[in-house]
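Everything on this sheet refers to the single structure shown next.
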Protein chains: 2
Amino acid sequence: MAHPQLPRDEVIDRLTAVFRREGYEGASLALLSEATGLGRSSLYHHFPRGKDDMAEAVMLAARDKITALVVERLSGPGSPRKRLEAAVRGWDEFYQSGQLSCLTELFSVGNAKQRFQDLLLGGITKLRAAIAALLVEAGLPPEKAEKRALDAVVAIQGGLVVARASGDRSIFPSILAELPDRLLNP
Amino acid sequence: MAHPQLPRDEVIDRLTAVFRREGYEGASLALLSEATGLGRSSLYHHFPRGKDDMAEAVMLAARDKITALVVERLSGPGSPRKRLEAAVRGWDEFYQSGQLSCLTELFSVGNAKQRFQDLLLGGITKLRAAIAALLVEAGLPPEKAEKRALDAVVAIQGGLVVARASGDRSIFPSILAELPDRLLNP
DNA sequence: GTCTATAAGCAGATAGAC
DNA sequence: GTCTATCTGCTTATAGAC
């Protein structure tokens with residue numbers, strides 16, 4: 001493999017798959033190298049500070065993706081229910097129906113926690129805010145909207161954990177399907 | 001430290017703390033040795049297959065603890081609400097109000113996943129069954145009871161993830177506090 | 001049951017050729 | 001932009017003294 005010129009986005013996608021499967025500590029340079037088809041030194045060329053830089057790039061790309069697939073749909077045009085349903089499809093796509101684990105989870109353990117806590121907190125905060133704003137617009141009192149927004153984030157994260165630990169692929173889609181009614185119910 | 005004769009249960013508690021903080025891959029023998037005050041070789045004396053054996057002992061001890069603190073309380077004497085409230089106190093104690101992460105989460109990633117998936121699945125299944133049985137006894141139709149039992153497990157796991165990622169200590173206790181009403185409501 | 005010493009291998013990381 | 005070769009330190013694991 002001489003000059004494959006794999007585009008950066010594709011490289012980051014493959015790195016993301018490894019971090020999701022193995023966790024931060026488990027994602028060794030050997031695995032990351034194998035997944036991308038790049039030698040270690042090539043990885044260091046693209047990510048000078050090594051694994052740290054790769055993890056950061058993965059986190060930023062995930063944030064952008066969840067912003068496009070979920071957050072922007074929540075605050076886009078259309079009725080609150082339609083927007084919520086669009087966001088639900090976005091979550092399903094982002095987590096591939098629960099088969100993929102969440103980086104939030106994996107990057108909040110051990111060494112990775114200290115480095116990425118700010119990013120994690122920011123991501124969760126924005127997501128909660130976008131859901132709450134939609135629910136207020138749908139007519140819920142602000143306090144109730146905040147509470148349900150947190151419930152939604154908790155249900156999604158918990159759904160991913162339980163789905164993975166149970167090996168049951170139906171759990172996550174079923175949680176997502178119930179989300180609109182559960183949130184919008186008066 | 002010559003012959004401290006630390007009881008096995010205490011050793012396992014200290015190992016548990018490391019696995020919870022660092023994850024399976026992040027829990028190195030150096031950290032495990034430091035936490036227990038035992039040299040590497042002493043650890044191998046107690047756990048001949050090394051880290052694998054330690055992790056297994058930690059998982060089995062956690063299963064026993066959650067059985068005593070939660071599952072047995074759910075199926076114990078008293079009204080369903082009282083039993084549920086007792087179980088909620090058990091969860092709070094087991095997770096120290098959400099400050100501790102769940103082994104379910106940490107052991108369902110990478111290498112650890114293959115080795116411990118059976119244990120994880122068994123634990124979640126028993127917990128779901130115990131909650132569902134209590135809800136049926138409280139008058140809910142079986143299907144609804146099953147669904148709410150899953151919701152409860154999801155809320156707890158998700159609450160731990162979100163609490164840790166947010167660094168907000170109030171989230172987990174607040175989820176626990178709402179659980180009885182949320183589950184028993186007709 | 002604990003310790004010291006050590007082995008063998010893999011981790012992350014770097015230098016320099018092409 | 002990729003490669004090969006190499007380095008240092010840490011990883012798991014074992015042998016054997018006390």
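So you know, we letter chains A, B, ... as the sequences are listed, proteins then strands, and number each from 1.
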Every protein N/O within reach of nucleotides 8-10 of chain C N/O, cut-off under 3.5 Å:
none

Any N/O pairs under 3.5 Å between the protein and nucleotides 14-16 of chain C? List them or say none.
| residue | atom | partner | partner atom | Å |
| --- | --- | --- | --- | --- |
| C/dT14 | O4 | A/S41 | OG | 3.0 |
| C/dA15 | N6 | A/S41 | OG | 2.6 |

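Summarising the geometry of A/S97 relative to A/F172, their closest heavy-atom pair is C-CD2, 3.5 Å, with the distance given to 0.1 Å.
When rounded to the nearest whole Å, the span between CZ of B/R8 and P of C/dT2 equals 12 Å. Atoms CD (B/E25) and P (C/dG12) sit 11 Å apart, rounded to a whole Å. Atom P of nucleotide C/dA11 and atom NZ of B/K51 are separated by 12 Å, given to the nearest angstrom. What separates NE2 of B/H45 from C1' of C/dC3 is a distance of 12 Å, to the nearest Å. Following rounding to the nearest Å, A/N111 (CG) and D/dT11 (C1') show an atom-to-atom distance of 14 Å. Distance CG (B/L32) to P (C/dT2): 15 Å, rounded to an integer number of Å. Protein atom CG of A/L43 is 12 Å distant from nucleotide atom C1' of C/dA13, rounded to whole Å. Taking atom CG on B/D53 and atom C1' on D/dA13, their separation rounds to 13 Å, with Å as the unit.
Sequence neighbours left out, the pairs with a member in residues 177-186 of chain B that pass side chain to side chain donor-acceptor pair (under 3.5 Å) are A/K147-B/E178, B/R81-B/D181. Residue pairs satisfying the side chain to side chain donor-acceptor pair (under 3.5 Å) criterion with at least one member in residues 114-128 of chain A, sequence neighbours excluded, are listed as follows: A/D52-A/R115.
A/Y95 does not carry A/R164 over the face of its six-membered ring by the limits of under 6.0 Å from the centre and within 45° of the normal. Stacking of A/K51 on the aromatic ring of A/Y24 is recorded, both the 6.0 Å distance cut-off and the 45° axial limit being met.
Residues from residues 12-23 of chain A lying near DNA chain D, meaning a heavy-atom separation below 4.0 Å, are absent.
Residue A/Q99 places its CD atom among more than 12 non-hydrogen atoms of other residues, nucleotides or ligands, all under 6.0 Å distant.
For the helix from C/dG1-D/dC18 to C/dC18-D/dG1, the axis fitted to the five pairs at one end and the axis fitted to the five pairs at the other end meet at an angle of 10° (nearest 10 degrees).
Listed by chain and residue number, B/R83 satisfy the side-chain hydrogen bond (donor to acceptor under 3.5 Å, both in side chains) test with B/E137 (two or more places apart in sequence, or in another chain). Here A/R14 pairs with A/E10 under the side-chain hydrogen bond (donor to acceptor under 3.5 Å, both in side chains) rule; sequence neighbours left out. The side-chain hydrogen bond (donor to acceptor under 3.5 Å, both in side chains) search around B/T104 returns none, not counting sequence neighbours. Looking at residues two or more places apart in sequence or on another chain, you find no side-chain hydrogen bond (donor to acceptor under 3.5 Å, both in side chains) involving A/R63.
Clustering of Ile, Leu, Val, Met, Phe, Trp and Tyr side chains at separations under 4.5 Å places B/V161 together with A/V161.
Mapping B/S42 and A/A30 onto DNA chain C by nearest heavy atom places B/S42 closer to the 5' end of the strand.
Considering only heavy atoms from C-beta on, A/M59 comes within 4.5 Å of A/L120 through its side chain.
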Using distance only, find each side-chain donor-acceptor pair of residues 37-45 of chain A under 3.5 Å and give its atom names and separation, not counting sequence neighbours.
none

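Distance from the side chain of B/L29 is smallest for D/dA13 among the nucleotides D/dG1, C/dA13, D/dA13.
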